[in-house]
Amino acid sequence: MPHRRDFDPDATGALQGLRVVDLSRLVAGNLLTKVLADHGAEVIKVEPPEGDTLRAWRTQGISLDWKTLSRNKLSVCLALRDPAAVEVVKQLAATAALFVESFRPGVLEAMGLAPAVLLEINPRLVITRVSGWGQDGPYRHKPGFGTLVEGYSGFAAVNGFADREPVLPPMYMADGYAGLYGAAAAMIALRHAEATGQGQVIDLALFDPIHVMMEPQHAKWQLTHKLKPRTGSRSTNAVPRNAYRTRDGGWVCLSASTQGMTEKLLRSMGREELIADPRFRTNADRVRHAEALDCIIADYISALTLEETLAHFDRAGVTIGPIMDAEMLSRDRYVAEREAVIEVPDAEMPSGWFPMHGMVPRLSGTPGILARPAPRLGEHNEAILAPVLGEMELARLRSARVVQDP
């Protein structure tokens with residue numbers, strides 16, 4: 001059972017005092033700013049009247065992705081097509097350390113919020129621009145959802161099985177990599193701004209981080225002129241490494257990618273003679289004869305239940321683990337005790353509790369905070385805008401529907 005945690009609006013973190021103005025939509029920008037919000041940054045989501053697109057991703061009427069990626073944030077709702085709303089954004093940028101947006105390249109400029117304009121207002125400002133293909137290059141104007149770069153980066157071409165179609169990931173992989181890379185890039189740029197007083201622009205293309213994770217595909221092609229095949233769960237670098245089915249229909253993943261671990265595996269199966277078998281003596285031999293070794297391992301595991309398989313190989317010190325699904329994870333002791341999943345109060349959930357990930361990354365001295373749940377659209381108009389605009393101007397903009405309350 002996941003540990004239950006309540007929100008503490010007075011909680012502070014390592015990034016206390018860091019103001020972030022976030023005009024991004026969907027996953028990458030929201031993940032970037034969530035990392036900062038979890039560690040105490042004041043993240044102000046500036047949303048149009050229809051709200052961030054994530055709010056529309058619903059399961060049984062509940063915006064699960066929004067609740068997960070926007071905890072600890074604040075929401076201001078502005079009619080961004082109105083020039084008066086753009087002026088409000090400029091005033092917010094003047095008070096911020098970091099500005100995040102994910103419009104198609106050129107849109108920010110068309111709004112009157114070009115980086116040069118923002119940096120003139122606030123020379124220390126760090127501006128993170130999230131897009132599919134980057135702010136320059138021949139594809140800068142193309143739409144760029146993560147799916148497209150997961151295909152373009154080389155990932156899908158090597159994912160799946162040789163006799164079937166390339167497989168795209170079943171989650172937002174490219175956006176996830178970009179969000180995490182973006183959080184690191186923002187902290188590097190903020191450190192530079194702190195030291196020098198100079199802001200800068202971060203060009204965060206969804207393509208770049210997932211393409212980096214595919215290295216060294218270019219060097220391998222240059223050396224061999226052979227394409228990496230789709231090998232399912234096997235590795236082309238080390239054997240054995242695969243997914244194996246147990247007698248009761250469970251699945252385990254096994255990786256014995258060092259010589260010592262392979263020998264330990266074979267001994268644990270009572271097949272010590274295979275250590276000297278010319279087909280399996282070295283890793284290079286095993287890569288050439290992966291099918292034969294996989295059949296031997298699969299036959300052994302198929303005679304055992306999932307529980308028996310894990311217990312047997314754990315006793316032998318072999319690197320093996322279960323392939324878990326969401327139902328299994330929901331009752332898993334490791335996940336609960338590590339607080340990889342926690343539950344927070346949520347009136348929309350039938351149980352009154354919302355399961356979500358715990359704090360990542362984990363810091364010993366400043367472990368992160370749970371200050372507030374994901375905000376309602378425009379929930380913090382008054383708290384954020386009144387100090388910036390003044391009460392009279394805020395009232396005027398409300399009456400003109402530039403600022404829109406929930």
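Scope of the values below: all heavy atoms of this structure, side chains included, with no hydrogens, waters or symmetry mates.
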task: State, without any angle test, whether S70 and K34 hold a side-chain donor-acceptor pair at a distance under 3.5 Å.
output: no

- prompt: Where do L69 and V27 land on the side-chain contact (heavy atoms from CB on, under 4.5 Å) test, with the steps shown first?
  reply: CA-CA 8 Å; L69 289 172; V27 176; 4.2 Å; yes

- prompt: CZ/R286 to OG/S235 distance, rounded to the nearest 0.5 angstrom?
  reply: 11.5 Å

- prompt: Any side-chain donor paired with an acceptor under 3.5 Å for R247 and T305?
  reply: no

- request: Grab the two heavy atoms, one from R401 and one from A79, that are nearest each other, plus how far apart they are.
  value: O-CB, 3.7 Å

message: Testing the basics here: between G134 and A205, what is the closest heavy-atom pair and its distance to 0.1 Å?
response: N-CB, 3.5 Å

- request: Take the angle between the ring planes of H225 and W221 and call it parallel below 30°, perpendicular above 60°, tilted in between.
  value: perpendicular

- prompt: Just how far is it from atom CZ of F155 to atom OG of S153, taken to the nearest 0.5 Å?
  reply: 7.5 Å

query: Is the backbone N or O of M269 less than 3.5 Å from a side-chain atom of H312, with the two atoms forming a donor-acceptor pair by type?
result: no

field: Test salt bridge (charged side-chain N to carboxylate O under 4.0 Å, His left out) applied to K45 and D22, step by step
entry: CA-CA 5 Å; K45 286 291 303 179; D22 182 1; 3.4 Å; yes

task: Sequence neighbours left out, what passes salt bridge (Lys or Arg N to Asp or Glu O under 4.0 Å) with R288? Give chain and number order.
output: D285

- line: Tightest non-hydrogen contact, residues E47 and S75, listed as OE2-OG, 2.7 Å

Pair N242-L254, side-chain contact (heavy atoms from CB on, under 4.5 Å): steps then yes or no: CA-CA 6 Å; N242 214 331; L254 182 152; over 6 Å; no

- request: May I ask you to check whether over 12 heavy atoms, not counting those of R333, lie within 6.0 Å of atom CZ?
  value: no

field: Heavy-atom closest contact (M356 atom, T68 atom, distance)
entry: CE-CA, 4.3 Å

- prompt: Should the heavy atoms of other residues, nucleotides or ligands under 6.0 Å from CD of Q222 be counted, would the total exceed 12?
  reply: no

query: Is the backbone of R55 close enough, under 3.5 Å, to the side chain of D52 for a donor and an acceptor to pair up by distance?
result: no

field: Criterion salt bridge (Lys or Arg N to Asp or Glu O under 4.0 Å) against E348, the qualifying member of K67, R376, R58
entry: K67

message: Would R398 and E382 count as a salt bridge (charged side-chain N to carboxylate O under 4.0 Å, His left out) here? Give the steps.
response: CA-CA 10 Å; R398 275 176 162 151; E382 181 75 27; 2.7 Å; yes

Under 3.5 Å: donor-acceptor pair, side chain of K90, backbone of A85: no

message: Main chain of P373, side chain of R71: is a donor-acceptor contact present, judged purely on distance under 3.5 Å?
response: no

Basic-acidic side-chain contact under 4.0 Å: R104, E109: no

task: Looking only at non-hydrogen atoms, find the nearest pair between L265 and V318 and report the distance.
output: CA-CG2, 3.8 Å

- request: Locate the shortest heavy-atom distance separating S63 from L54; write the atom from each residue and the value.
  value: CB-O, 4.4 Å

field: From CG (L31) to CG (L26), nearest 0.5 Å
entry: 12.5 Å

task: Please round to the nearest 0.5 Å and tell me the distance separating atom CZ of F99 and atom CG of L113.
output: 5.5 Å

query: Could you give the distance from CD1 (I275) to CD (Q259), rounded to the nearest 0.5 Å?
result: 8.0 Å

query: Looking at residues at least two apart in the chain, or sitting in another chain, which of them share a salt bridge (Lys or Arg N to Asp or Glu O under 4.0 Å) with R331?
result: E327

task: Measure the CD-CG distance between Q135 and D203 for me, rounded to the nearest 0.5 Å.
output: 5.0 Å

query: Is the CZ atom of R81 crowded by more than 12 outside heavy atoms at less than 6.0 Å?
result: no

message: With no hydrogens and no angle check, just 3.5 Å: does a side-chain donor-acceptor pair link Y300 and Y244?
response: no

message: Assess, by modelled atom type and distance only, whether the side chains of E101 and S24 contain a donor and an acceptor separated by less than 3.5 Å.
response: no

Please report, to 0.1 Å, the donor-acceptor pairs under 3.5 Å made by any side chain of residues 190-201, with sequence neighbours excluded.
{"from": "T196", "atom 1": "OG1", "to": "H192", "atom 2": "O", "distance (Å)": "2.8"}
{"from": "T196", "atom 1": "OG1", "to": "Q198", "atom 2": "N", "distance (Å)": "3.1"}

